[in-house]
Amino acid sequence: MPVQEQTSDKIFKLNEDLSKFIYEDEQIKKELNEYAKTFKNGLSRDSLAYFMFDKTLENGQKVIDVYLKKNKDLSAEDKKVLKEFKNSINSVFEIKKVLKDGFEMYNLVNEKDYTVKSLIKMVNYRGVVQGNYFTCRLIPYEKEYHLLVLNSILRTTDKQQAYKIAVSMQVENPESLYKDNTKKLKQLEKMVKDLNAKFNEFFQKDEIITINQNIDELLGAFNDFAEEGTKAENLEEIIQLPEKYSYFKIQSDVDPFDMTARRADTEKYDVGIVFDPELGIQVLPFYGTFRKIFETKDYKSITGYKDCISDYFQNGKVSPFIIKKVYEEYGEKFLKIVLDVLEIEEKFTLEELLHKYKEDFFMSKKFSSTTVLYASEAFTSLMASSMEMQLEMTKTSYSIGRNEPCPCGSGKKFKKCCAR
């Protein structure tokens, strides 16, 4: 049997065994069912693959870690392949060239070129041409990349849709921009240093609290300053404090820590913009409320205080810097309240708490989604194509109000997006 066929068989079999395992192992099956509840229309092929390859379980491990632990009789070669599964890449790729055994592809998310081997006969890709787009998952093995899961094929004319998917992946998982691309990581680190200096110059402080309905305009004003050096004349008007500090669950299908700057909620709530010197701009819903809990004499008088503290510790988008920043201001009172709310009986130190709830941040850099978009070529390309689309609309006398949603699909008002 040819080497490529042997490799294909091995990867296919292990993928099939792993797929069966998530339905057979009682604990993982339970977590899979809970995960499935977050999707109105059930698990898609892509979301199921995310659970199997990427999602961190309640015990802090991935499905593959549990599978390896419970199948110790696997061969050394199988264990090697499964460990490589943990380095899989789920992304949107532009087909640059169709090869006899695979493709040359450009990853729109991490901005890197890949030569990819097909695990199935190329005849199955009849009709795929240069300029098409794949949303798919790659598996590295033996210094080569293999196409394991193909979710969809987009036509050359679907470029804008492909870039929208790429940007949504970057927002949902900022690490995807620099995963497997050390050059991009270094670029981001340098950019964060530059943005930090500009943030402090623009706001004259390292954190701002305002209401959610002003966030988009406030970030837009900072963006103008960061790119062009233009200072907003109405900055004080945009920084509007809430009338009341309280916490409540935002009714949304998306994580509010991803979407705060891109939503138009009817209810007002406080939002913080904080600059983490290492990871960039953090946009934090209910940040003012989180702080208020520790400065109020009776912290239990703050509506939703338990859920607020739990979310700040358990949400994977809140960096350790944010927790440390608030701790440094309120000290032992902070620790006492947090330990009480999280029902931790042991006398935990701050560092122990951070390692318990924020371990991912110690394993790798997790830039914020807001910061990542500053360095995203996909986002820049999407905005450029949206501008071109708007020009075409103007030529055909299409009219849109300045306060209406932008037709590019960014979620921003037209006046703060393509009309600028």
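The structure displayed is predicted, hence computed values, not measured ones.
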Look at [X] together with [Y] and state whether they make a salt bridge at an N to O cut-off of under 4.0 Å.
X      : Y      : result
Lys86  : Asp65  : yes
Lys198 : Asp194 : no
Asp78  : Lys10  : yes
Lys13  : Asp17  : yes
Asp340 : Lys306 : no
Lys112 : Asp180 : yes
Glu111 : Lys183 : no
Lys231 : Glu233 : no
Lys117 : Glu142 : no
Lys324 : Glu351 : yes
Lys292 : Glu295 : yes
Asp276 : Lys325 : no
Arg137 : Asp54  : yes

* Asked: Under 3.5 Å, is there a donor-acceptor pair linking the side chains of Gln27 and Lys30?
  ->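 Their side chains do not contain a donor-acceptor pair, so the 3.5 Å distance test is not met.
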
* **Modelled atom types, side-chain donor and acceptor of Thr289 and Asp270, under 3.5 Å** =>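 Side chains of Thr289 and Asp270: pair found under 3.5 Å.
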
Heavy-atom closest pair, residues [X] and [Y]:
X      : Y      : answer
Phe53  : Lys62  : O-CD, 4.4 Å
Leu43  : Leu32  : CD1-CD1, 3.6 Å
Tyr163 : Ser381 : CE2-CB, 3.6 Å

* Is the number of heavy atoms from other residues, nucleotides or ligands within 6.0 Å of CD (Glu58) greater than 12? ->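 Result for CD/Glu58: open.
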
Check: [X] ring centre within less than 6.0 Å of [Y] ring centre:
X      : Y      : answer
Phe248 : Phe286 : yes
Phe321 : Phe361 : no
Phe367 : Tyr178 : yes
Phe93  : Tyr133 : no

Contact between [X] and [Y] at the side-chain level, heavy atoms closer than 4.5 Å - yes or no?
X      : Y      : value
Ile344 : Leu353 : yes
Tyr247 : Ile293 : no
Ile323 : Leu350 : yes
Ile281 : Phe222 : yes
Phe134 : Glu94  : no
Asn15  : Phe85  : yes

* Matching residue for His146 among Leu138, Ile11, Val116 - test: side chain to side chain contact (heavy atoms under 4.5 Å, CB included) ->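 It is Ile11, the one option of Leu138, Ile11, Val116 that forms the side chain to side chain contact (heavy atoms under 4.5 Å, CB included) with His146.
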
* Evaluate the ring pair (Phe, Tyr, Trp, His ring centres under 6.0 Å) criterion for residues Tyr141 and Tyr145: first the C-alpha distance (whole Å), next the side-chain angles of each, then the deciding distance (0.1 Å), finally the verdict. => CA-CA 6 Å; Tyr141 179 67; Tyr145 290 91; over 10 Å; no

* To do: Measure the acute angle between the ring planes of Phe39 and Tyr35, then classify it against the limits of 30° and 60° as parallel, tilted or perpendicular.
  =>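 Answer is perpendicular, since the angle exceeds 60°.
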
* side-chain hydrogen bond (donor to acceptor under 3.5 Å, both in side chains) between Asn110 and Tyr106, intermediate numbers included -> CA-CA 9 Å; Asn110 78 350; Tyr106 172 71; over 6 Å; no

* **Charged tip of Lys333 within 45° of Phe294 ring normal and under 6.0 Å** =>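 That pair does not qualify as a cation-pi contact.
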
* How long is the span from the CD1 atom in Ile309 to the CZ atom in Phe334, to the nearest 0.5 Å? ->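 If I round to the nearest 0.5 Å, the distance is 7.5 Å.
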
